[in-house]
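Working notes for the structure below.
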Amino acid sequence: MAVKTHTWISLWFLVTAPVIAWDVGYCFMRPRSMVGGDLHWIWKPYEIYQEVDYVYGLKALQDGDGFTNAQSLLNVIETLMNLVYLYLAHVYGSSVAPLIGFAAVVMTLSKTVLYWAQEYYCGFCAIGHNTLKDLIVYWIIPNGLWIVIPSLIVYQLGKDILSELIAADRAAAKTASSKKN
């Protein structure tokens with residue numbers, strides 16, 4: 001039986017891969033990627049973001065705050081898993097693809113919720129200095145996408161996996177029943 005895929009999920013995994021690679025590059029190349037760095041031209045939009053979210057800014061780097069690069073390392077792992085899902089689902093046709101995709105997107109969702117929870121529990125220490133407008137435009141909306149869409153993917157892939165497990169269970173019960181007769 002062919003692996004059930006969803007175009008919107010595959011597009012999310014495909015489109016987010018270069019976005020995440022770009023973000024990971026910024027994080028791992030700090031301070032060279034930051035304002036004043038020789039490679040900053042590659043990450044010019046981060047000129048704004050490093051002032052909006054101090055986790056991406058100079059102070060976190062100078063303080064040796066490892067959260068930024070730790071979450072970037074997890075970004076690499078989850079993105080590789082997303083690409084494995086795409087390969088297994090669309091090229092190889094493996095039934096394990098939904099499980100890989102599910103695990104990857106649970107990582108994305110969990111990491112993003114952790115990122116938001118960290119802000120809440122530190123009293124909005126990295127973003128609390130922003131105006132409401134800047135917070136909404138530069139932090140809540142872009143970061144919120146990484147909660148909303150992965151949540152929808154978790155739901156859809158979870159539903160697909162559950163459906164396959166139920167079908168496999170019924171088939172196994174039918175086989176066991178026919179062996180008894």
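- A 4.5 Å side-chain heavy-atom check between F28 and S33 finds every atom pair outside the cut-off.
- Connection of I141 to F124 is established within a shared hydrophobic cluster, with ILVMFWY side chains joined at heavy-atom distances below 4.5 Å, either directly or through further cluster members.
- Here the NZ-CD1 distance, from K133 to I140, works out to 14.0 Å after rounding to the nearest 0.5 Å.
- Contact check for P98 versus E164: no side-chain heavy atoms found under the 4.5 Å cut-off.
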- Message: Working note: N130 + Y138, criterion side chain to side chain contact (heavy atoms under 4.5 Å, CB included); need CA distance, chi angles, decisive distance, verdict.
- Response: CA-CA 10 Å; N130 290 288; Y138 296 116; over 6 Å; no
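- Between Y46 and W22, the ring centre distance stays below 6.0 Å.
- Relative ring orientation between Y92 and Y87 is described as parallel, the plane-to-plane angle staying below 30° on a 0-90° scale split at 30° and 60°.
- Among residue pairs with one or both ends in residues 112-122, those qualifying as side-chain hydrogen bond (donor to acceptor under 3.5 Å, both in side chains) are D53-Y115; sequence neighbours excluded.
- Of the inter-residue distances, the one linking N82 atom CG with I100 atom CD1 reads 10.5 Å to the nearest 0.5 angstrom.
- In this structure, M81 is a member of the same hydrophobic cluster as V91, with clusters built from ILVMFWY side-chain heavy atoms closer than 4.5 Å.
- For N143, the side chain to side chain donor-acceptor pair (under 3.5 Å) criterion is met by Y49, not counting sequence neighbours.
- Contact annotation: the side chain of D160 approaches that of L157 to within less than 4.5 Å [non-hydrogen atoms, C-beta and beyond].
- Taking each heavy atom of E47 and K44 in turn, the nearest pair found is OE1-NZ, 2.7 Å.
- Here the closest heavy-atom approach between residue P31 and residue L61 is recorded as CB-CD2, 3.6 Å.
- The minimum heavy-atom distance between A126 and V55, with the atom names listed, is CB-CG2, 3.7 Å.
- Judged purely by atom type and a 3.5 angstrom limit, D65 uses its side chain to pair as donor or acceptor with the backbone of F67.
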- Would you check, one step at a time, whether the test side chain to side chain contact (heavy atoms under 4.5 Å, CB included) holds for I153 with F13? CA-CA 10 Å; I153 295 172; F13 286 164; 4.3 Å; yes
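- L109 and P150 make their closest contact through CB-CB, 4.2 Å (heavy atoms, listed as atom of the first residue, atom of the second, distance).
- In this structure, M34 and Y26 have side chains that are in contact, with non-hydrogen atoms separated by less than 4.5 Å.
- Put simply, the side chain of T5 reaches to within 4.5 Å of the side chain of Y85, judged on heavy atoms.
- With R30 contributing its side chain and C27 its backbone, the two residues share a donor-acceptor pair below 3.5 Å.
- The closest side-chain heavy-atom distance from E51 to V35 is not below 4.5 Å.
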- side chain to side chain contact (heavy atoms under 4.5 Å, CB included) between E78 and T16, intermediate numbers included: CA-CA 11 Å; E78 70 196 41; T16 59; over 6 Å; no
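- The two residues V52 and H129 make their nearest non-hydrogen contact at O-CE1, 3.2 Å.
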- Query: Hey, mind stepping through W8 and L152 against side chain to side chain contact (heavy atoms under 4.5 Å, CB included) and telling me if it holds?
  - Reply: CA-CA 10 Å; W8 67 276; L152 294 171; 3.8 Å; yes
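- Atom-to-atom distance recorded for I136:CD1 and L132:CG is 4.0 Å, nearest 0.5 angstrom.
- At least one side-chain heavy atom of W146 sits under 4.5 Å from a side-chain heavy atom of I20.
- With rounding to the nearest 0.5 angstrom, the CG atom of L86 is 10.5 Å from the CD1 atom of I9.
- Two different hydrophobic clusters hold L11 and L88 under the rule that ILVMFWY side chains link at heavy-atom gaps under 4.5 Å.
- A distance-only check finds no donor-acceptor pair linking the side chain of D134 to the backbone of T131 [under 3.5 Å].
- Atom CD1 of residue I147 and atom OG1 of residue T108 lie 11.5 Å apart, to the nearest 0.5 angstrom.
- When all heavy atoms of F102 and V154 are compared, the pair lying nearest together is CE1-O, 3.5 Å.
- Expressed to the nearest 0.5 Å, how far OG of S72 lies from CE of M29 amounts to 12.5 Å.
- Using a 4.5 Å cut-off between side-chain heavy atoms of Ile, Leu, Val, Met, Phe, Trp and Tyr, with links allowed through other members, L83 and I149 fall into the same hydrophobic cluster.
- Residue W139 is grouped with residue L114 when hydrophobic side chains (ILVMFWY) are merged at heavy-atom distances under 4.5 angstrom, including chains of intermediate members.
- With hydrogens and angles disregarded, no donor-acceptor distance shorter than 3.5 Å links the side chain of T68 to the backbone of Y56.
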